[in-house]
Visitor: 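Below is a structure I'd like to ask you about.
Below, chain A is the first sequence line, B the second, and so on; all start at residue 1.
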Protein chains: 2
Amino acid sequence: MSKPPGAPPAHGERTRELIVQTALRLFAERGYERTTMRAIADAAGLSVSNAYYYFRSKDQLVQEFYAEIQRRHREEAAEALGRDGFVDRLRGVLHAGVTVMAPYHDFAGSFVGVAINPRSGSSPFSDESTAAREAAIGLFRDVVEGAKPAVDRQVRADLPELLWLAYLGVTLYWVHDTSYEQDRTRRLIDLATPFVARLIRLSRLPGMRPITTDLLWLVRKVRS
Amino acid sequence: MSKPPGAPPAHGERTRELIVQTALRLFAERGYERTTMRAIADAAGLSVSNAYYYFRSKDQLVQEFYAEIQRRHREEAAEALGRDGFVDRLRGVLHAGVTVMAPYHDFAGSFVGVAINPRSGSSPFSDESTAAREAAIGLFRDVVEGAKPAVDRQVRADLPELLWLAYLGVTLYWVHDTSYEQDRTRRLIDLATPFVARLIRLSRLPGMRPITTDLLWLVRKVRS
DNA sequence: ACTGTGATTTGAACTAGTTCAAATCCAGGG
DNA sequence: CCCTGGATTTGAACTAGTTCAAATCACAGT
């Protein structure tokens, strides 16, 4: 799959990286649509068709973008994952996500439009992005597993994936959020996080058990 | 805004309608991407630039598509809205939506991709589609208002919008549903509908009141 | 140094959405 | 009938993503 770590990167590898970095910079500077493949190639100092030698399409550059964001998200979330309480951890991770995406807000809509398409390969549900998806869900697994006091065992297994789905929802909300510096999304996170925690706690109450069980059953049933 | 009803449609009006019908037919036949503006113009017997005289962009044809689907949805939902129970009404309306969208499933992803983009104007949240959105929410208002026994007053006001959001969620699920004839989406509807009803009923229990209130408060707060 | 081979690189061409300035059409007023 | 102004219609051109066949390069083996 990859070279022994520490080996100097092959020429092709460096060119590839150069293209990604150039693309990301231009995306942030002028947005997605207005960054043409020709502009990327020019800025990177090579020909358009050469860029296409490394990336099948412009969409695939978007996938690289996701991968990069993902890396930064984990980095930015590290601090929050050092805390104890479930709510603090979840809130921190969600805010970290919004923070790393912030520079791209103006045109993130184009990305989401690409990503939502089931055929696009950069869809978070597609086979191609299995790795990225696992990584993202892993982040929320960390949120759940590391919480003290521990999260109810009944929901622990399914919670990471549900939280990841919720995070996709937050992203969708964020994309449409036109408030100053996306403050509304920040507020949504602050308000919804303790609410989620409360629901989880509630699910333990005797009267709620059957409902929780049913919901989890529904989730599992519907997942495949 | 419009002519007196019954007046014979102007020439421009007929041309416009011809383009929409042709486009919809080709969309269903070959999908969105593979239906070129040139093909639409050819099939309708006019020049490409003439089509652009009536529609600012290909995206705008997608908006016409939504409007048409919306009309058919209401038509298809009529029967379900003749029933009494809330669950039956809601389930019927959701199934009706899936039914009218079915012929377009293979390439609906492209449409959703266009629609999810906040700038695109065909986003369900955009100003341009206020009318369509109101109509869609209206459908769910009918679901709620006409139910017997009546839905709890506490949630009645906000429920239509929430159900519409849930419907968008179902649509998203449907778009990604690769099961035969989208059976999984059908199942999701069948399973989730009574669950929603149960939650609403639960919200009346004394212990739940504060949570319900909080949730509705959150919804209102976050909406603007 | 020389050559064959696979990895890179490139210019030119193709496709499809979009724009534009120049016709063309058409109805109402003279 | 002719003229005029607005509504339609059009061919040609522009842009941007993508493809392709033909160089060019780099290096392993001779």
Visitor: Parallel, tilted or perpendicular: which fits the ring planes of B:His73 and B:Tyr167, with parallel below 30° and perpendicular above 60°?
Guide: tilted
Visitor: A:Tyr52 OH to D:dG17 P: how many Å, rounded?
Guide: 6 Å
Visitor: Between C:dC25 atom P and B:Tyr53 atom OH, what is the distance in whole Å?
Guide: 16 Å
Visitor: When you measure from the side chain of B:Ser110 to the backbone N and O of B:Tyr32, does any donor-acceptor pair fall under 3.5 Å?
Guide: no
Visitor: Considering just the side-chain nitrogens and oxygens of A:Ser47, establish if one lies under 4.0 Å of OP1 or OP2 belonging to C:dT10.
Guide: yes
Visitor: Tell whether B:Ser49 reaches the base of D:dG11 with its side chain through a donor-acceptor pair below 3.5 angstrom.
Guide: yes
Visitor: Between D:dG11 atom P and B:Arg38 atom CZ, what is the distance in whole Å?
Guide: 12 Å
Visitor: For C:dT8, does either OP1 or OP2 sit under 4.0 Å from a side-chain N or O belonging to A:Asn50?
Guide: no
Visitor: How long is the line joining CG of B:Leu46 and P of D:dT8, in whole Å?
Guide: 13 Å
Visitor: Determine the interplanar angle of the A:Phe107 and A:Phe27 rings, folded into 0 to 90°, and report it as parallel if under 30°, tilted if 30 to 60°, perpendicular if over 60°.
Guide: tilted
Visitor: When you check the side-chain N and O atoms of A:Ser57 and A:Asp59, is any donor under 3.5 Å from an acceptor?
Guide: no
Visitor: Could you give the CD-to-C1' distance, from B:Glu17 to D:dT8, as a whole number of Å?
Guide: 18 Å
Visitor: In whole Å, what is the span from the CD atom of B:Glu33 to the C1' atom of C:dA16?
Guide: 12 Å
Visitor: Select base, sugar-phosphate, or nothing to describe what A:Tyr54 touches, counting heavy atoms under 4.0 Å on all strands.
Guide: sugar-phosphate
Visitor: Whole angstrom is fine here: how far is it from CG in B:Leu18 over to C1' in D:dT8?
Guide: 14 Å
Visitor: What is the separation between atom CG on A:Asp42 and atom C1' on D:dA16, rounded to the nearest whole Å?
Guide: 13 Å
